[in-house]
Amino acid sequence: GAVVSQHPSRVICKSGTSVKIECRSLDFQATTMFWYRQFPKQSLMLMATSNEGSKATYEQGVEKDKFLINHASLTLSTLTVTSAHPEDSSFYICSARDLQGDFEQFFGPGTRLTVL
Amino acid sequence: AQTVTQSQPEMSVQEAETVTLSCTYDTSENNYYLFWYKQPPSRQMILVIRQEAYKQQNATENRFSVNFQKAAKSFSLKISDSQLGDTAMYFCAFMKNGGTSYGKLTFGQGTILTVHP
């Protein structure tokens, strides 16, 4: 149980285009999901907290107009990188908390974004 | 704000030996959780062990145990009988219990552990 999926696992896009990454909780409901960014051999940096049915809460320094987050259902949150540039290339990871569970978060397998 | 510090960028250990990874944190909170996560080359984050701050007893999970020193704000991870599959990047993480930051994880810089045969 407690599986989180991400799609796509890898994406390559041209500079200036937008890319959508999906995060799904497969066997539980998640009112809260989190989006992280990770550069090679570095730590995870929290970008935003996604709450079902409400606006996401962004961490300081994260451009909300560039990283659009939508949490339309209890099992799906999406991160859209708008007008992507090479510096947006990174590994993006989502996590989710089980509505019926305790404080533990379950992580998705991540999405590697490469912007050419 | 909370900070988590892992002062060992890289560690190595021989198979079957024991290794300890260090973690210190800084917080003014009294009620919180601490975690160790493992990130193997697949990049999938895996929870290794967790500790509730209100519990004095150190958490253990099979070969993994922690030394939680609340007053010193220290939370080290001991891996016994190291296995090749333990090779990964290990992250120490902090989460406040309650309040607006509930659920947010603050990660340390990570320690790359290599287990040699």
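Quick caveat, the model's predicted, so the values are computed rather than measured. Chain A is the first sequence line, chain B the second, and so forth, proteins listed ahead of strands; every chain is numbered from 1.
The candidate from B/Gly108, B/Pro9, B/Gly110, B/Ala93 with the greatest count of non-hydrogen atom pairs under 4.5 Å with chain A is B/Gly108.
Note: B/Phe68 and B/Tyr25 have parallel aromatic rings, judged against thresholds of 30 and 60 degrees for the angle between ring planes.
Proximity to chain A (any heavy atom under 4.5 Å) is restricted, for B/Gln39, to the side chain, taken from C-beta onward. With a 4.5 angstrom heavy-atom cutoff, B/Met45 touches chain A via backbone and side-chain atoms both. B/Arg50 touches chain A through its side chain: at least one heavy atom from C-beta onward sits under 4.5 Å away, while N, CA, C and O do not. For B/Phe107, the parts lying near chain A are the backbone and the side chain together; criterion is any non-hydrogen pair under 4.5 Å. Contacts between A/Leu44 and chain B at a heavy-atom distance below 4.5 Å involve backbone atoms as well as side-chain atoms. Interface remark: B/Glu10 contributes no atoms to any contact with chain A (heavy atom separation under 4.5 Å). For A/Gln42, the part sitting under 4.5 Å from any heavy atom of chain B is the backbone (N, CA, C, O) and nothing else. With a 4.5 Å cut-off on non-hydrogen atoms, B/Ile112 touches chain A through its side chain but not through its backbone. With a 4.5 Å cut-off on non-hydrogen atoms, A/Gln38 touches chain B through its backbone and its side chain both.
Checked by atom type, the side-chain pair B/Ser65/B/Thr60 shows no donor-acceptor distance below 3.5 Å.
B/Lys78 NZ: 12 or fewer foreign heavy atoms inside a 6.0 Å radius. Crowding of B/Met11 atom CE: a count of heavy atoms from other residues, nucleotides or ligands under 6.0 Å exceeding 12.
Remark: B/Arg43 is positioned above the aromatic ring of A/Phe91, its terminal NZ or CZ atom under 6.0 angstrom from the ring centre and at most 45 degrees off the axis.
Comment: A/Arg24 engages A/Glu22 in a salt bridge, judged by a side-chain N to carboxylate O separation of less than 4.0 angstrom.
Under the 6.0 Å cut-off for aromatic ring centres, B/Phe35 and B/Phe94 do not qualify, their centroids lying 6.0 Å or more apart.
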